[in-house]
Amino acid sequence: MVYQRAVYDTKDKMTEVLGFEGLEISEVNQSYRYLLNYLNQSDEKIEINNSNSIWNNISAHIKEDFISVNQDVFDALVTS
């Protein structure tokens with residue numbers, strides 16, 4: 001989720017560690033959408049609970065595109 005807005009050295013290091021070299025962020029996001037969807041439908045005996053969330057200080061401004069993409073891709077809960 002943090003990778004969505006990482007820049008400069010942080011993004012470069014995350015790209016290397018996560019093995020995202022040569023991939024656009026849209027490709028990374030689509031692969032996570034597919035993976036989470038697959039895991040949620042793979043076997044009715046398996047229950048997966050997603051606990052991705054973004055906790056926002058009311059006075060802090062978080063860019064709307066960061067929030068929306070994390071809600072869309074990772075089904076993240078956003079709360080203050």
Side-chain angles (χ1 to χ4, degrees):
M1 289 174 42
V2 174
Y3 186 73
Q4 302 300 316
R5 296 296 293 172
V7 293
Y8 309 119
D9 289 342
T10 301
K11 185 171 187 172
D12 293 343
K13 293 296 182 190
M14 290 179 79
T15 299
E16 180 182 340
V17 168
L18 296 170
F20 293 164
E21 294 96 341
L23 297 174
E24 296 293 325
I25 190 75
S26 60
E27 295 172 303
V28 172
N29 289 343
Q30 190 61 40
S31 70
Y32 276 104
R33 276 190 202 100
Y34 288 146
L35 175 62
L36 293 173
N37 186 46
Y38 172 78
L39 293 174
N40 283 318
Q41 297 179 10
S42 63
D43 188 328
E44 62 187 38
K45 297 176 193 170
I46 299 172
E47 180 180 328
I48 296 177
N49 293 312
N50 181 354
S51 58
N52 294 328
S53 61
I54 298 170
W55 294 74
N56 183 23
N57 181 327
I58 294 173
S59 64
H61 175 72
I62 297 178
K63 295 189 180 224
E64 187 59 39
D65 64 328
F66 176 80
I67 290 173
S68 63
V69 76
N70 279 295
Q71 287 175 319
D72 180 48
V73 174
F74 299 100
D75 196 26
L77 170 72
V78 179
T79 190
S80 297

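Values reported hereafter were calculated over all heavy atoms of this structure, with side chains retained and with hydrogens, waters and symmetry mates removed.
Residue Ala76 comes nearest to Met1 through the heavy atom pair CB-CE, 3.8 Å, listed as atom of the first residue, atom of the second, then distance. In terms of heavy-atom proximity, Ile67 sits nearest to Val78 at CG2-CG2, 3.7 Å. Taking both residues in full, the closest heavy atoms of Val28 and Ser31 are given as O-OG, 2.7 Å, listed atom of the first, atom of the second, then distance.
Counting only residues at least two apart or on different chains, the side chain to side chain donor-acceptor pair (under 3.5 Å) pairs with a member in residues 64-79 are Arg5-Asp65, Arg33-Asp72. Here ring pair (Phe, Tyr, Trp, His ring centres under 6.0 Å) pairs that include residues 28-71, with residues two or more places apart or in two chains, are Tyr32-Phe74. Within the structure, salt bridge (Lys or Arg N to Asp or Glu O under 4.0 Å) pairs that include any residue of residues 37-57 do not occur (at least two apart or interchain). Evaluation of the salt bridge (Lys or Arg N to Asp or Glu O under 4.0 Å) test over residues 53-63, restricted to residues two or more places apart or in two chains, returns none. Under the salt bridge (Lys or Arg N to Asp or Glu O under 4.0 Å) criterion, no residue pair touches residues 51-62, with sequence neighbours excluded. Listed by first then second residue, pairs satisfying salt bridge (Lys or Arg N to Asp or Glu O under 4.0 Å) with a partner in residues 11-32 number zero, not counting sequence neighbours.
Note that CD1 of Ile48 and OG of Ser51 are 11.5 Å apart. Values are rounded to the nearest 0.5 Å. Between the CG atom in Leu23 and the CG atom in Leu18 there is a gap of 10.5 Å [rounded to 0.5 Å].
Partners of Asn37 under the side-chain hydrogen bond (donor to acceptor under 3.5 Å, both in side chains) rule, at least two apart in sequence or in another chain, are Gln41. In this structure, the ring-ring contact (aromatic ring centres under 6.0 Å, His included) partners of Tyr3, at least two apart in sequence or on a different chain, are Phe20. Listed by chain and residue number, nothing satisfies the side-chain hydrogen bond (donor to acceptor under 3.5 Å, both in side chains) test with Asn56 (two or more places apart in sequence, or in another chain). Checked against side-chain hydrogen bond (donor to acceptor under 3.5 Å, both in side chains), Asn40 has no partners two or more places apart in sequence or in another chain. With sequence neighbours excluded, the residues forming a side-chain contact (heavy atoms from CB on, under 4.5 Å) with Thr10 are Ala6, Met14, listed by chain and number.
If you chain together hydrophobic residues whose side chains sit under 4.5 Å apart, Ile62 and Val2 fall into the same group.
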